[in-house]
Every structure is written in C-alpha cells, then in structure tokens.
Amino acid sequence: LSWADVYDQVMAQNPDAMEALSDYWQNSLYYVARGFGLMLHGGNGTGKTLLSSLLLKRLLTYGRGLDGYFTTFTDLLDRYAGGWTDKDLASWFERRIVNADVLVIDDIGKEYSGRLNMSSNALDTVLRTRVQHDRPTIFTTNLSINDFRKTYAGSTWSLLAEKVLPYEIKGNYDDRS
C-alpha cells in the first residue's frame, strides 16, 4: 500500500493528524533523535493502522538509515511471554522490539482481557527502556486517551506523555466503495 491508498475522507476529516504525520516525516531526524513518537487513537476502521504502517515504511525507505519493526500488541505480548522460557526469543525480542530505532505497536487495547496485568507490565517494560534510550514508539489504539490511562498503569502514561504526541483519527472508512 502507499499514501495513494489513504482515502480523501481520512485526510479531510483529520487535517491536524495528517499535518502531524507530514511534519513527523519531514522532520524525522529531529523527532527520532529525541525519541518522540505518535499515538493514533480513534474508532475501528479509521485508518490508524494504515497511517502508522505507511509512516514507518516511509521512514525506513527514504535514506534515513533507520531500522524499524511493526507488530500488533497481541504478537508483542506472545513474544514477550515466550522469552520467559526461551533465551533465543528473549534475545530476539530485545534486539528487534525493544531496541528497534522506530517501533510501531498496533492495536493496544485489543489483547485478551485476561492478559491485562501482563500487558500492562510488558508495555511499561518496553516503553520505559525505549524512552530512556530516546527510541520513538508509534502506536495505535481504539481506546480514548482517558480509557488508555485507566486501562494501563499510570506510570506508563507518564512515560508516554513525555515522548508521544497523541492524535485522534476520526471517521469510519470501513464502508468505502
């Protein structure tokens, strides 16, 4: 997919977010060097995943010399838990997820509710290390900022508040024709 696949509706209904994504790309050396990421939040089908993946693709493609990784939060949790008993997976997790120059975590908040304690701990662990080492994280969630703060540990939000620029993506584009 490419930026041509971003529907005019997404751009028209989200001018602030589209301007922020453009600014992030144009000034990526500044944002990445300082560890600033993005939080794209909003309802289902608004284009958050598409926008975050295209931004990562652009960052990796155009000569910035960056390494990056895209994962769903559920997959991140599976690999995090797998590393408890598998040293190779733990090493891989540290290298590819925790230490990626740019990390995109898609769909935070869609994990199985029985994993909430683990998901809060995993998110805090990953983000704490990334923030301390100025590594930006871009993530998507269907949760509002208030619901995110209630769902995950308060310390996680305080980390994000320092290093993540939140943007709501509005609309519903599932019924495109």
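Residue numbers run from 1 in the order of the sequence given.
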Side chains of [X] and [Y], donor plus acceptor under 3.5 Å:
X: Asn142; Y: Asp107; answer: no
X: Asp23; Y: Tyr31; answer: yes
X: Glu162; Y: Ser158; answer: no
X: Thr71; Y: Asp75; answer: yes
X: Asp106; Y: Thr72; answer: no

[X] side chain to [Y] main-chain N or O, any donor-acceptor pair under 3.5 Å?
X: Lys48; Y: Gly43; result: yes
X: Asn14; Y: Lys170; result: yes
X: Arg130; Y: Pro136; result: yes
X: Thr61; Y: Lys57; result: yes
X: Thr46; Y: Gly42; result: no

Spacing of [X] atom [atom1] and [Y] atom [atom2] [to the nearest 0.5 Å]:
X: Ser28; Y: Leu66; atom1: OG; atom2: CG; answer: 6.5 Å
X: Glu94; Y: Arg79; atom1: CD; atom2: CZ; answer: 14.5 Å
X: Thr74; Y: Ile105; atom1: OG1; atom2: CD1; answer: 11.5 Å
X: Leu89; Y: Asp78; atom1: CG; atom2: CG; answer: 9.5 Å
X: Lys163; Y: Phe36; atom1: NZ; atom2: CZ; answer: 5.0 Å
X: Asn99; Y: His133; atom1: CG; atom2: NE2; answer: 7.5 Å

Exercise. What's the verdict on side-chain contact (heavy atoms from CB on, under 4.5 Å) for Tyr80 and Thr125, showing C-alpha distance, side-chain angles and the deciding distance?
Worked result: CA-CA 10 Å; Tyr80 175 78; Thr125 298; 3.8 Å; yes
Seminar exercise, completed: Between Gly65 and Asp101, the two heavy atoms sitting closest are O-OD2, 4.1 Å
Problem set entry | Nearest non-hydrogen partners of Ser52 and Thr140, listed with the distance | OG-CG2, 3.6 Å
Exercise. Are the aromatic rings of Tyr69 and Trp92 close, with centres under 6.0 Å apart?
Worked result: yes
Any heavy-atom pair between the side chains of [Y] and [X] that's under 4.5 Å?
X: Val32; Y: Tyr24; answer: yes
X: Phe139; Y: His41; answer: no
X: Thr137; Y: Val126; answer: no
X: Leu56; Y: Ile138; answer: no
X: Leu103; Y: Phe70; answer: no
X: Asp88; Y: Phe93; answer: no
X: Leu51; Y: Ile169; answer: yes
X: Met39; Y: Phe148; answer: yes

For this session: Kindly indicate, with the supporting measurements, whether the criterion side-chain contact (heavy atoms from CB on, under 4.5 Å) is fulfilled by Leu38 and Leu55.
Result: CA-CA 10 Å; Leu38 297 169; Leu55 179 59; 3.6 Å; yes
Exercise. Is the shortest side-chain N to carboxylate O distance from Arg96 to Asp67 below 4.0 Å?
Worked result: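 Answer for the salt bridge query: yes.
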